[in-house]
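The structure appears below as structure tokens.
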Amino acid sequence: MRFDELLEGARQGLEVVIPASWGQGRASFGGVVAALTYEVMASKVAPGRAVRALQVSFVGPVEPGVPAVFEVELLREGKAASQVTGRIVQNGEPRLVCLASFGGDRESAVQVAPLEGPKAKPIDECPELPYIKGVTPEFTQHIEMRWAFGNMPFSGKGGREMGGWMQFRETPDAMSDAHIIALADAWPPAILPHLKGPAPASSLSWNLEIVHPRPVVAPGDWLLYRATVDQAGSGYGHTHAGIWTASGELIALSRQAVTVFG
């Protein structure tokens, strides 16, 4: 099932069954469940208010093949900003909790251009993270990633940076904020190159800020992702990342707290 079909299901109702092809271990891919929750939350907000910040807590695994019920509450809608909460519930239990801040443009004397994105090798010179059934996460059959920064997971080579180019394998009809949210969570935790062998790891919490006005991203455009490890120890890691267009325009900023069992 294409990502656009999942989005359409979220728009039409408050329950979606995520197929196993979007899985990540025993859970559904975090970027997809966050994007679907955002899509439902956005439908409750006044027109003209873009999502500025998204705070996601992965309470438990959102299971593939099990109906995911979305519960959304508009907490406040002010003159320019809206605050919304969203939850995914399965089998009567919360599996994801999200707080989103939406805001319309304001007049301001403050104008600071974002820093340019990092330089990266051309896409065709970067090795691909292939989809290998039973080895790489199931959702990688839908999202293509090309390594440009750092070392591969479980290589034992360490390092503080990881990332590269990314896009949907099946070109979407358009590149909405929901598509950006899904792609922004596709890369594995940047602490995994420190491990010498496979071990479970997952996001505990995720904060994503999207820049608006957002640079134009056409369907099929490659985006660049680079994550940096701030600190890791005692089974947890803390990272921050940026997402840019191929021409170096900033799209989003990400911060994650991750758990690792190895």
Working to the nearest 0.5 angstrom, can you tell me the gap between [X] [atom1] and [Y] [atom2]?
X: Ser247; Y: Glu116; atom1: OG; atom2: CD; value: 9.0 Å
X: Met152; Y: Lys157; atom1: CE; atom2: NZ; value: 9.5 Å
X: Leu54; Y: Ile210; atom1: CG; atom2: CD1; value: 7.0 Å
X: Leu7; Y: Leu36; atom1: CG; atom2: CG; value: 6.0 Å
X: Cys98; Y: Phe70; atom1: SG; atom2: CZ; value: 11.0 Å
X: Asp230; Y: His240; atom1: CG; atom2: NE2; value: 5.5 Å

Determine the minimum heavy-atom distance between [X] and [Y], stating which atoms define it.
X: Met1; Y: His142; value: O-CE1, 3.6 Å
X: Arg2; Y: Asp173; value: NH2-OD1, 3.9 Å
X: Ile243; Y: Ser254; value: CD1-CB, 4.4 Å
X: Arg87; Y: Val97; value: CG-CG2, 4.1 Å
X: Gly163; Y: Trp187; value: C-CH2, 3.5 Å
X: Ala201; Y: Pro189; value: CB-CG, 4.3 Å

Can you tell me if [X] uses its side chain to pair, donor with acceptor, with the backbone of [Y] under 3.5 Å?
X: Gln141; Y: Glu138; value: yes
X: Ser28; Y: Val62; value: yes
X: Glu71; Y: Val89; value: no
X: Asn151; Y: Gly158; value: yes
X: Arg169; Y: Thr140; value: yes
X: Arg49; Y: Ala81; value: yes
X: Trp165; Y: Glu144; value: no
X: His194; Y: Gly159; value: yes
X: Ser101; Y: Arg52; value: no

Verdict with supporting geometry, Glu77 and Ser82, side-chain hydrogen bond (donor to acceptor under 3.5 Å, both in side chains): CA-CA 4 Å; Glu77 194 152 75; Ser82 303; 3.0 Å; yes
Are the side chains of [X] and [Y] in touch, meaning some heavy atoms are under 4.5 Å apart?
X: Tyr236; Y: Val260; value: no
X: Arg214; Y: Asp177; value: yes
X: Val33; Y: Phe58; value: yes
X: Trp206; Y: Ile181; value: yes
X: Val217; Y: His179; value: no
X: Val211; Y: Pro114; value: no
X: Trp244; Y: Pro118; value: yes
X: Glu63; Y: Arg95; value: yes

Establish whether [X] and [Y] are linked, either directly or via other cluster members, by ILVMFWY side-chain heavy-atom contacts under 4.5 Å.
X: Phe29; Y: Leu129; answer: yes
X: Phe102; Y: Leu74; answer: yes
X: Leu208; Y: Val32; answer: yes
X: Ile88; Y: Val59; answer: no
X: Ile18; Y: Val72; answer: yes

Side-chain donor-acceptor contact under 3.5 Å, His212 with Asp105: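 The answer is no; no qualifying pair exists.
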Geometric class of the Phe3/Trp22 ring pair [parallel <30°, tilted 30-60°, perpendicular >60°]: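 Taking Phe3 first and then Trp22, their aromatic rings sit tilted (interplane angle of 30° to 60°).
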Chi angles and distances behind the side chain to side chain contact (heavy atoms under 4.5 Å, CB included) call for Tyr38, Ile180: CA-CA 11 Å; Tyr38 154 79; Ile180 301 298; over 6 Å; no
Test log, rule side-chain hydrogen bond (donor to acceptor under 3.5 Å, both in side chains), inputs Ser57 and Ser205: CA-CA 4 Å; Ser57 180; Ser205 66; over 6 Å; no
Check against side chain to side chain contact (heavy atoms under 4.5 Å, CB included), Leu183 and Met175: CA-CA 10 Å; Leu183 285 176; Met175 284 295 290; 3.8 Å; yes
Residues, nucleotides or ligands: over 12 heavy atoms within 6.0 Å of Ile132 CD1: yes
